[in-house]
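Contents: one structure, followed by commentary.
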Amino acid sequence: MMKSCNIVALVGLVLLFMIHLANAAENQGLGASFIFGDSLVDSGNNNYLPTLSKANIVPNGIDFKASGGKPTGRYTNGRTIGDIVGEELGQPNYALPYLSPNTTGKSILYGVNYASGGAGILNSTGRIFVNRVGMDIQVDFYNQTRKQIDKVLGPSKAKEYIMKRSIFSITIGSNDFLNNYLLPVLSIGARISESPDAFIDDLISHFRAQLTRLYQLDARKFVIGNVGPLGCIPYQKTINQLNPNECVELPNKLALQYNGRLKDLLAELNDNLPGSTFVYANVYDLVKELITNYDKYGFKTASKACCGNGGQYAGIVPCGPTSSLCSDRSMHVFWDPYHPSEAANLILAKKLIDGDTRFISPMNLRQLRDH
């Protein structure tokens, strides 16, 4: 009799342990990944727009396993940083592009990607591409998703899912310089009438309003990428005819000036928006480190685009079917005149996920997920 009681107790304990494990598994991993930004993280929104900024042409996506090497609208040869972060943090599926017809029902619980090639913080940014989804509209789109999540989960569960289990990652700002303030001819008027300080003031006040709106729609865990070393991309190095180890001074100076202000803005929001965590991703120093010490990371060039045409670094014509294509894609830091390769994205993503406060502060992405 004693034996059978022990067995029953043991079975009971095992069942309890299994229930505990099942609950733990359900609470682990990332709930939803909501991705905002520009072509660095666009996963195909621009496929659905009449725009001059598109990446749904070969050889883009040549190393993207999920599509069998077919282009998806990602501006790189494989995964974006957003894809890799979601994967590494336990998300079962990539966040779908908001404009895709498949982005409905339960699929939105893995997250949604609102990023758009050519997008900026300011609505005027990227107008040379005719169409793009700027940050203001991306927040409007998220507002629609927010209502849909209420329908899928019910209001109280939805609120908790978004506040506790979801990460909002935002990679934006580069185009506000490259395709607005620094654009030859088109921007001369803006540069004469507006000093860099005034332009950056404008960016910061718009961005503050956009982030506050997301907070009002229950976003709590944010990671914000700063602007990378724009003067070091193959496009800038080609048009300015620089040596391989040189970068253009003005774009980098402007990026650093903006980044300082962005860091202050995030500290201010952390103080003023109760329950929020704004994480600052120091993409500038990360990319600079990769470019400066490219050989240490296993690359053979940090100045030449793998896919592109024109000039010393193949940096003038964007990647497309007629571009020259390097044979060793994993040896190039840059895939095309503007965007990192998947090999570079992998290194950058890993440093954001598990890196120290030099590159991501006040905590890394794994800590933010579990926070």
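When reading the values below, keep in mind they use all heavy atoms of this one structure, side chains included, and skip hydrogens, waters and symmetry mates. Along the sequence shown, residues carry numbers from 1.
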Heavy-atom donor-acceptor pair, [X] side chain to [Y] backbone, under 3.5 Å:
X	Y	result
D356	R358	yes
N46	S116	no
Q91	A32	no
N60	N56	no

Distance in Å, [X] [atom1] paired with [Y] [atom2], rounded so as to fall on 0.5 Å steps:
X	Y	atom1	atom2	value
I172	L203	CD1	CG	10.0 Å
N252	L230	CG	CG	6.5 Å
K237	C232	NZ	SG	6.0 Å
I233	I239	CD1	CD1	8.5 Å
E87	I353	CD	CD1	9.0 Å
S107	L96	OG	CG	5.0 Å

For [X] and [Y], test the side chains for any donor-to-acceptor distance below 3.5 angstrom and give the result as yes or no.
X	Y	answer
N179	T125	no
Y181	E194	no
S174	Y338	no
R74	T72	yes
W335	N345	no
Q257	D197	yes
D354	N364	no
H332	T301	no
S39	D42	no

Q.
Does E249, at its CD atom, have more than 12 non-hydrogen atoms belonging to other residues, nucleotides or ligands within less than 6.0 Å?
A.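 At most 12 heavy atoms, drawn from other residues, nucleotides or ligands, come within 6.0 Å of this atom.
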**Q.** F141, CZ atom: more than 12 neighbouring heavy atoms under 6.0 Å
**A.** yes
Q. Does the side-chain contact (heavy atoms from CB on, under 4.5 Å) test come out yes or no for Y161 and D218, once each step is laid out?
A. CA-CA 10 Å; Y161 190 74; D218 297 327; over 6 Å; no
Q. With ring centroids as reference points, do Y94 and F64 lie under 6.0 angstrom apart?
A.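 Centroid separation for Y94 and F64: below 6.0 Å.
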Kindly work out whether a path of hydrophobic side-chain contacts (I/L/V/M/F/W/Y, heavy atoms less than 4.5 Å apart) joins [X] to [Y].
X	Y	value
I35	Y280	no
I62	I81	no
L52	I128	yes
V287	Y297	yes
L348	F334	yes

Over all heavy atoms of both residues, which pair between [X] and [Y] is shortest? Give the atoms and the distance, please.
X	Y	answer
A158	R146	CB-NH1, 4.0 Å
S67	G61	OG-O, 4.3 Å
V223	A281	CG2-CB, 4.1 Å
G298	M331	O-SD, 3.4 Å
R132	N123	NH2-O, 2.7 Å
L286	K351	CD2-CB, 3.6 Å

**Q.** Cation-pi check, R220 onto Y215 ring (under 6.0 Å, within 45° of axis)
**A.** yes
Q | Pair Y114-F36, ring pair (Phe, Tyr, Trp, His ring centres under 6.0 Å): steps then yes or no | A | CA-CA 5 Å; Y114 305 92; F36 302 79; 4.8 Å; yes
Q.
side chain to side chain donor-acceptor pair (under 3.5 Å), that's the test. Do H371 and T277 meet it? Break it down for me.
A. CA-CA 9 Å; H371 181 57; T277 307; 3.3 Å; yes
Q. Going through the checks in order, is the side-chain contact (heavy atoms from CB on, under 4.5 Å) test met by L265 and F278?
A. CA-CA 10 Å; L265 171 67; F278 284 86; over 6 Å; no
**Q.** Check against salt bridge (charged side-chain N to carboxylate O under 4.0 Å, His left out), R213 and D140
**A.** CA-CA 9 Å; R213 259 182 84 202; D140 289 344; 2.5 Å; yes
Q | Min side-chain heavy-atom separation K300-D295 under 4.5 Å | A | no
Q) Between C319 and C307, is the SG-SG gap less than 2.5 Å? A) yes
Q. Is it true that E289 and K296 make a salt bridge, defined as a side-chain N closer than 4.0 Å to a carboxylate O?
A. yes
Q. Is any NZ, NE, NH1 or NH2 atom of the basic residue among R165 and E160 found under 4.0 Å from an Asp or Glu carboxylate oxygen of the other?
A. no
Q: Report the C-alpha separation of F222 and L214 in whole Å, then their side-chain angles, then the decisive distance to 0.1 Å, and conclude whether the side-chain contact (heavy atoms from CB on, under 4.5 Å) test is met.
A: CA-CA 10 Å; F222 294 86; L214 286 172; 3.9 Å; yes
Q | Sole residue of D264, V227, D285, N282 in side-chain contact (heavy atoms from CB on, under 4.5 Å) with N259 | A |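 For N259, the side-chain contact (heavy atoms from CB on, under 4.5 Å) check succeeds only for V227.
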Q) For R366, which of L30, L89, V85 qualifies under side-chain contact (heavy atoms from CB on, under 4.5 Å)? A) L89
Q. Going through the distances and angles, do R329 and E342 end up as a salt bridge (charged side-chain N to carboxylate O under 4.0 Å, His left out)?
A. CA-CA 9 Å; R329 298 183 286 276; E342 184 186 62; over 6 Å; no
(Q) Quick one, F177 with F199, criterion ring pair (Phe, Tyr, Trp, His ring centres under 6.0 Å). Give me CA distance, side-chain angles, the key distance, then yes/no. (A) CA-CA 9 Å; F177 294 103; F199 182 72; 5.8 Å; yes
Q: List the steps, then state whether ring pair (Phe, Tyr, Trp, His ring centres under 6.0 Å) holds for F34 with Y142.
A: CA-CA 8 Å; F34 295 106; Y142 166 70; 5.4 Å; yes
Q: Carefully, step by step, assess S43 and N113 under the rule side chain to side chain donor-acceptor pair (under 3.5 Å).
A: CA-CA 7 Å; S43 62; N113 185 314; 3.3 Å; yes
Q) Does the pair L183 and N180 meet the rule for a side-chain contact (heavy atoms from CB on, under 4.5 Å), with working shown? A) CA-CA 5 Å; L183 203 65; N180 189 334; over 6 Å; no
